[in-house]
Colleague: 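One structure is given below, represented as structure tokens, and several questions about it will come after.
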Amino acid sequence: MFQRPRGTRDFLPDEMERRRWIEARMRECARRWGYREVCTPAFEELELFTLRSGEAIIQEMYTFRDKGGREMVLRPEVTAPVLRMFVNEGRNIPKPIRWFYFADCFRYERPQKGRYRQFWQFGVELIGADSPRADAEVIALAEAMLRGCGIDFEMQVGHLAPVKHLLSGLPKEVAARVMQLLDKREFPALREYLEETGHPDLYDGLQGLTECRSLQELFEIIGHIEEGEWIQRVCSELDTYGVDYCLNFGIARGLDYYTGTVFEAFAQNLGAENQVLGGGTYRLAHLFGGEDLPSCGFAIGFDRVMVSLGEFRVPRKPAVAVIGMPEVEEYAAAVAKGMRGAGISVVRDTMERSVGSQLSHAAKIAEYAIIVGRKECETNTVTFKNLFSGEQRTLTLQEAIGEVAAHGDRA
RNA sequence: GCCAGGGUGGGGUAGUCUGGACAUCCUAGGGGACUGUGGAUCCCUCGACCCGGGUUCGAAUCCCGGCUCUGGCCCCA
């Protein structure tokens, strides 16, 4: 027997229906906000990802050398490919550009709850807009999309300027380490580290940033900064949208490429891997040879959304089993064809089973059975049986089609 | 890369501590009783000790290594 590769999953039909159902909701939400789908290759040149993030992350990627000797990688995320595509062929598209994607990504990491080696991201990029209103639109869309899926989550919004302001006097490595500790909320270690490096005075301000829950508190800590008005405007836009969020100026991840507003969403019922969405403003295009356009985007951890939602039933169109006696094979085929032509899901026996067995099987996989034999063939009718109630009637094909359609989706 | 706990037919399990004959039970799958009316019932059938090594007369059981799953750490672009 073959085992599935580590960190990958198989999806049976019930699970796929749930996944497609949620995916469709996200798609529909993106569409309503004016975003259109794009698709990039599943693999790219390795350098596309190391350019920004350094060589160190190679160990967490699926890299390979192709037959031409090129260093390639299965995409570990989609923002860089989308921006690469933008630089390659998006120059003459009217700005701002609103794109979304739904794609599988690959990371060579240790699997655990909500973390897989092949995982799906649903993401959105707003390219070329640089305003508080652009930031707010993307956050509001993120919120709407997650709400639309029905998960229970908390949206946190922050900005990198306050913490960068506080750390402006520190050497780069020290600042990076501080950000790391701050992001993880390891306050005792942070205090210790600041004392070691001779900046104990920064502790209260940094801790304050992670705890302050209003702009007023924020400005009391950092005083006046240039980005203050921007932050204020993003918040008031979010209030206008009616977005339910809380402030967190301790969000520090991705310092190397996020430039301003940052936001994250956390699901309530997941384990250690409870972040279901992350995003912010960034500048990437210039790295790939384009102009230095600001962009804002986010990615939803689709699999984590699915874990958070648990099991649920998706409405499904009813299925019909057409059971024909051997002597009227052609008539049965015509009935099946007619129903399929009307958009109905039809199955027929492929195992040469008896009528009794066929019905027995039909009861497990279909909602209705249609039985046709000499009798029905001669009168140009069908025997239409409701497999829930057992009730059965003689109908014309058109009447049977109408019956199935009238009962609609089943829950 | 680190820690903890698991791995027995497709799914769920008993047996493992205390080694012993054909490995338990439920469920799902296939067939039949039943060649124009099913889900019940009965019968038949298919099908497993994660892999490799060691100890032993004998290993699902004990020991070692590996793989893998679950949860946590690390990381999270």
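Keep in mind that the numbers below use all heavy atoms, side chains included, and drop hydrogens, waters and symmetry copies. Convention: sequence-line order gives letters A, B, ...; per-chain numbering from 1.
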Colleague: Give A/E60 one of three labels, base, sugar-phosphate or nothing, depending on what nucleic acid heavy atoms sit under 4.0 Å from its own.
Modeller: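 The residue A/E60 makes base contact.
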Colleague: Using atom C1' of each nucleotide, how far apart are B/G47 and B/G10 to the nearest Å?
Modeller: 9 Å
Colleague: Between A/E125 and A/Y282, does any side-chain donor sit less than 3.5 Å from a side-chain acceptor?
Modeller: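 Yes.
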Colleague: Any idea which of B/G31, B/G38, B/C75 is nearest the A/R353 side chain?
Modeller: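 Of the candidates, B/G31 comes closest.
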Colleague: Ignoring hydrogens and geometry, is there a side-chain-to-backbone donor-acceptor pair from A/R393 to A/K385 under 3.5 Å?
Modeller: no
Colleague: Regarding A/S360 and A/S357, do their side chains bring together a donor and an acceptor under 3.5 Å, going by distance alone?
Modeller: no
Colleague: Take atom NE2 of A/H361 and atom P of B/A28, then tell me their distance rounded to the nearest Å.
Modeller: 13 Å
Colleague: Is the distance from OP1 or OP2 of B/G72 to the nearest side-chain N or O of A/Q112 less than 4.0 Å?
Modeller: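 Result: yes.
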Colleague: Using a 4.0 Å heavy-atom cut-off across all strands, classify A/I323 as base, sugar-phosphate, or nothing.
Modeller: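 Nothing: the residue A/I323, judged by heavy atoms under 4.0 Å, touches no strand.
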Colleague: List the residues meeting ring-ring contact (aromatic ring centres under 6.0 Å, His included) with A/F302, not counting sequence neighbours, and say none if there are none.
Modeller: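 Partners of A/F302 under the ring-ring contact (aromatic ring centres under 6.0 Å, His included) test: A/F102.
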Colleague: Could you work out the separation of B/C63 and B/C26 based on their C1' atoms and round it to a whole Å?
Modeller: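 Comparing C1' positions in B/C63 and B/C26 gives a spacing of 34 Å.
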Colleague: Distance only, no hydrogens: is a donor on one side chain within 3.5 Å (strictly under) of an acceptor on the other, for A/T383 and A/E376?
Modeller: yes
Colleague: For A/Q275 and A/E273, what are the C-alpha separation, side-chain angles and deciding distance, and is it a side-chain hydrogen bond (donor to acceptor under 3.5 Å, both in side chains)?
Modeller: CA-CA 6 Å; A/Q275 190 186 339; A/E273 303 289 321; over 6 Å; no
Colleague: Return yes if some donor-acceptor pair links the side-chain N/O of A/E195 with the main-chain N/O of A/E192 below 3.5 Å, else return no.
Modeller: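 Not at all, since once roles are kept as given, no pair shorter than 3.5 Å links the two residues.
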Colleague: Quickly work out the A/E77 CD to B/C75 C1' distance and round it to whole Å.
Modeller: 15 Å
Colleague: So what's B/C46 paired with, Watson-Crick or G-U wobble, going by both distances under 3.5 Å?
Modeller: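 Its partner is none (no Watson-Crick or G-U wobble pair with both distances under 3.5 Å).
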Colleague: Applying a 3.5 Å limit to both distances, which nucleotide forms a Watson-Crick or G-U wobble pair with B/G20?
Modeller: B/C57
Colleague: May I ask you to verify whether the side chain of A/Q392 and the base of B/U37 hold a donor-acceptor pair under 3.5 Å?
Modeller: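 A donor-acceptor contact between them is present.
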Colleague: Is a donor-acceptor contact shorter than 3.5 angstrom present between the side chain of A/E376 and the base of B/G36?
Modeller: yes
Colleague: What I want to check is whether an N or O donor and acceptor connect the side chain of A/K385 with the base of B/U37 at under 3.5 Å.
Modeller: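 Between B/U37 and A/K385, which were checked side chain against base, a qualifying N/O pair under 3.5 Å is present.
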Colleague: Tell me what A/G356 touches on the nucleic acid: a base, only sugar-phosphate, or nothing, going by heavy atoms under 4.0 Å.
Modeller: sugar-phosphate
Colleague: Starting from P on B/G38, measure out to CD1 on A/I365 and report it in whole angstrom.
Modeller: 18 Å
Colleague: Between B/U8 and B/U27, how far is it from one C1' atom to the other, in whole Å?
Modeller: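 These two C1' atoms come out 16 Å apart once rounded.
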Colleague: Atom CG of A/N274 and atom C1' of B/G72: how far apart are they, to the nearest Å?
Modeller: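 In whole Å, B/G72 C1' lies 13 Å from A/N274 CG.
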Colleague: If the C1' atom of B/U61 is compared with that of B/C17, how far apart are they to the nearest Å?
Modeller: 9 Å
Colleague: Taking any heavy-atom pair under 4.0 Å as a contact, classify A/G301: base, sugar-phosphate, or nothing.
Modeller: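 If one applies the 4.0 Å heavy-atom cut-off, A/G301 turns out to touch nothing in the nucleic acid.
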Colleague: Using the P atom as the reference point in each nucleotide, state the distance between B/G9 and B/C50 in Å, no decimals.
Modeller: 7 Å
Colleague: For the C1' atoms, the ones on B/C43 and on B/U16, what distance do you get once it is rounded to whole angstrom?
Modeller: 34 Å
Colleague: Partner lookup for B/C34, please. Criteria are Watson-Crick or G-U wobble with both distances under 3.5 angstrom; report none if nothing qualifies.
Modeller: none
Colleague: Using the C1' atom as the point on both nucleotides, what is the distance between B/G1 and B/A60, in whole Å?
Modeller: 32 Å
Colleague: Which residue, A/T8 or A/P76, contacts RNA chain B at a nucleotide closer to its 5' end, judged by nearest heavy atom?
Modeller: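 Result of the comparison: A/T8.
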Colleague: Just how far, in rounded Å, is P of B/C67 from CZ of A/R117?
Modeller: 11 Å
Colleague: Nearest to the A/S360 side chain among B/G32, B/G39, B/C76, which nucleotide is it?
Modeller: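 When the side chain of A/S360 is considered, B/G39 is the closest of B/G32, B/G39, B/C76.
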Colleague: Give A/R4 one of three labels, base, sugar-phosphate or nothing, depending on what nucleic acid heavy atoms sit under 4.0 Å from its own.
Modeller: nothing
Colleague: Does this structure show an ion pair linking A/R9 with A/D303, if we count only N-O contacts that are shorter than 4.0 Å?
Modeller: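 Between A/D303 and A/R9 there is a salt bridge, with a charged N closer than 4.0 Å to a carboxylate O.
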Colleague: Return the value, rounded to whole Å, for the distance between atom CZ of A/F11 and atom P of B/G10.
Modeller: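 Interatomic distance, CZ of A/F11 to P of B/G10: 21 Å.
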Colleague: When you compare the side chains of A/N386 and A/E391, does any donor N or O come within less than 3.5 Å of an acceptor on the partner?
Modeller: no
Colleague: B/C3 and B/G66: how far apart are their P atoms, nearest whole angstrom?
Modeller: 11 Å
Colleague: May I ask you to say what A/E391 touches in the nucleic acid, namely base, sugar-phosphate or nothing, with a heavy-atom cut-off under 4.0 Å?
Modeller: nothing
Colleague: Using a cut-off of 4.0 Å on non-hydrogen atoms, how would the nucleic acid contact of A/T383 be classed: base, sugar-phosphate, or nothing?
Modeller: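 Answer is base: heavy atoms of A/T383 come under 4.0 Å of a base.
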Colleague: By nearest atom, which of the nucleotides B/G39, B/U37, B/G31 is closest to the A/M351 side chain?
Modeller: B/G31
Colleague: Contact class for A/K364 vs. all strands (heavy atom < 4.0 Å): base, sugar-phosphate, or nothing?
Modeller: sugar-phosphate
Colleague: Nearest whole angstrom, please: distance from the P of B/G11 to the CD of A/E311.
Modeller: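 Distance check: A/E311 CD to B/G11 P gives 16 Å.
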Colleague: Return the 5'-most residue of the pair A/R304, A/R374 with respect to RNA chain B, ranking by each residue's nearest nucleotide.
Modeller: A/R374
Colleague: Taking the minimum atom-to-atom distance to the side chain of A/M61, which one of B/A77, B/G32, B/U70 wins?
Modeller: B/A77
Colleague: Across all strands shown, which nucleotide pairs with B/C73 by Watson-Crick or G-U wobble geometry, both distances under 3.5 Å?
Modeller: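 Paired with B/G1.
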Colleague: Using a heavy-atom cut-off of under 4.0 Å over every strand shown, decide if A/G278 touches base, sugar-phosphate, or nothing.
Modeller: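 A/G278: no heavy atom of the nucleic acid under 4.0 Å.
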Colleague: Taking the side chain of A/R110 as its heavy atoms from C-beta onward, which of B/G30, B/U37, B/C2 lies nearest to it?
Modeller: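 Nearest nucleotide to the side chain: B/C2.
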Colleague: If I take atom CG in residue A/L182 and atom P in nucleotide B/C76, what distance separates them, rounded to the nearest angstrom?
Modeller: 14 Å
Colleague: From B/G39, B/C75, B/G72, pick the nucleotide closest to the side chain of A/Q180?
Modeller: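 So the side chain of A/Q180 is nearest to B/C75.
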Colleague: At less than 4.0 Å, is any side-chain N or O atom of A/R52 found next to OP1 or OP2 of B/A77? Yes or no.
Modeller: no
